[in-house]
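For reference, positions follow the sequence shown, starting with 1.
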Amino acid sequence: MPENRPNWNEYFMQMARLVSTRSTCLRRKVGAVIVRDNQILSTGYNGAPKNVPHCSELGCLREKLNVPSGERHELCRGVHAEQNAIIQAAVQGVSIKNSTIYCTNLPCIICAKMIINAEIKQVIIAETYKDTMTINMFKDAGVQVILFDKETDTIKKIV
């Protein structure tokens, strides 16, 4: 095998990073890719709902109000990457049950609840932040969370 050929985790995380480049969020660009049996089922990035002006056009209300990261999600006009990936699968009629979601960041608690109810079994993330509620909810629901380090090509089980 060629040395530069990415393994599956690298490949799908690279895809999640590429998807994140479509984001119109001014604070953090996030991408998500839902996969089962090494096949992409759906993708999503964070941004305003369809046919609604983007934050890149109107500005960021959360920024204006100095809302800390991870708090007061209802003040954001954007739909999260994980939410958009789940919604797009539903719109297209694609089952994501027993799949894996690759995310550029640890999902927030709202996305965690959606991931759990969508019966996604594994979350692989590139970056984390302190959110014990999300981690505890994934643990309670039996959803495996893995941190993928592209620099060392290692995985670390978080939950």
Checklist entry - Which residue pairs pass the salt bridge (charged side-chain N to carboxylate O under 4.0 Å, His left out) test with at least one member in residues 139-148, sequence neighbours excluded? => result none

Checklist entry - Does Asn7 use its side chain to pair, donor to acceptor, with the backbone of Asn9 at less than 3.5 Å? => result yes

Next on the checklist: Tell me if a side-chain donor or acceptor on Ser99 pairs with a main-chain N or O of Ile120 at a distance below 3.5 Å.
Outcome noted: no

Checklist entry - Between Ile124, Val19, Leu18, which is the residue that forms a side chain to side chain contact (heavy atoms under 4.5 Å, CB included) with Val33? => result Val19

Next on the checklist: Donor-acceptor pair, distance only, cut-off 3.5 Å: does the side chain of Thr104 make one with the backbone of Ala16?
Outcome noted: no

Checklist entry - What residue pairs, at least two apart or across chains, pass side-chain hydrogen bond (donor to acceptor under 3.5 Å, both in side chains) with a residue in residues 84-94? => result none

Next on the checklist: Would you say Ile34 ends up clustered with Ile116 if hydrophobic residues are merged whenever their side chains have heavy atoms under 4.5 Å apart, either directly or through other cluster members?
Outcome noted: yes

Checklist entry - If you measure from CG on Leu41 to CD1 on Ile86, what distance do you get to the nearest 0.5 Å? => result 12.0 Å

Checklist entry - Of all heavy-atom pairs between Ser20 and Gly31, which one has the smallest distance, and what is that distance? => result CB-N, 3.3 Å

Checklist outcome for this item: By side-chain hydrogen bond (donor to acceptor under 3.5 Å, both in side chains), Thr24 pairs with (sequence neighbours left out) His54

Checklist entry - Nearest 0.5 Å, what's the NZ-CG distance between Lys156 and Leu147? => result 7.0 Å

Checklist entry - Is the backbone of Val30 close enough, under 3.5 Å, to the side chain of Asn46 for a donor and an acceptor to pair up by distance? => result yes

Next on the checklist: Please report the interatomic distance CD1(Ile125) to CD1(Ile101), rounded to the nearest 0.5 Å.
Outcome noted: 11.5 Å

Checklist entry - Could you state the interatomic distance from OH (Tyr11) to CZ (Arg5), rounded to the nearest 0.5 Å? => result 9.5 Å

Checklist entry - With distance as the sole test, does Gln39 use its side chain to make a donor-acceptor pair with the main-chain N or O of Arg36 at under 3.5 Å? => result no

Checklist entry - Do Thr21 and Lys29 touch side chain to side chain, with heavy atoms closer than 4.5 Å? => result no

Checklist outcome for this item: When rounded to the nearest 0.5 Å, the distance separating CD1 of Ile110 from CD1 of Ile115 is 12.0 Å

Checklist entry - Would you find a donor on one side and an acceptor on the other, under 3.5 Å apart, between the side chain of Arg17 and the backbone of Phe12? => result no

Checklist entry - Can any side-chain N or O of Asn98 pair as donor or acceptor with the backbone N or O of Lys121 at less than 3.5 Å? => result no

Checklist entry - Between Val91 and Met114, is there a shared hydrophobic cluster once you connect ILVMFWY residues whose side-chain heavy atoms come closer than 4.5 Å? => result no

Checklist entry - Is any side-chain heavy atom of Ile146 closer than 4.5 Å to a side-chain heavy atom of Ile158? => result no

Item to check | Pairs touching residues 62-85 that satisfy salt bridge (charged side-chain N to carboxylate O under 4.0 Å, His left out), sequence neighbours left out | outcome: Arg27-Glu63, Arg72-Glu74

Checklist entry - Considering only heavy atoms from C-beta outward, does the side chain of Leu106 approach that of Ile135 to under 4.5 Å? => result yes

Next on the checklist: Using a 4.5 Å cut-off between side-chain heavy atoms of Ile, Leu, Val, Met, Phe, Trp and Tyr, which other residues end up in the same hydrophobic cluster as Leu65?
Outcome noted: Leu61, Val67, Leu75

Checklist entry - Hey, does Leu26 have a side-chain heavy atom less than 4.5 Å from the side chain of Ser56? => result yes

Checklist entry - If you take all heavy atoms of Pro53 and Ala48, which pair is closest and at what distance? => result O-CB, 3.4 Å

Item to check | With Arg22 via salt bridge (Lys or Arg N to Asp or Glu O under 4.0 Å) - residues at least two apart | outcome: none

Checklist entry - If you measure from CE on Met15 to OH on Tyr102, what distance do you get to the nearest 0.5 Å? => result 12.0 Å

Checklist outcome for this item: In short, Ala112 meets Pro107 closest at the heavy-atom pair N-CB, 4.3 Å

Next on the checklist: Which heavy atom of Ser42 sits nearest to which heavy atom of Ala85, and what is that distance?
Outcome noted: OG-O, 2.6 Å

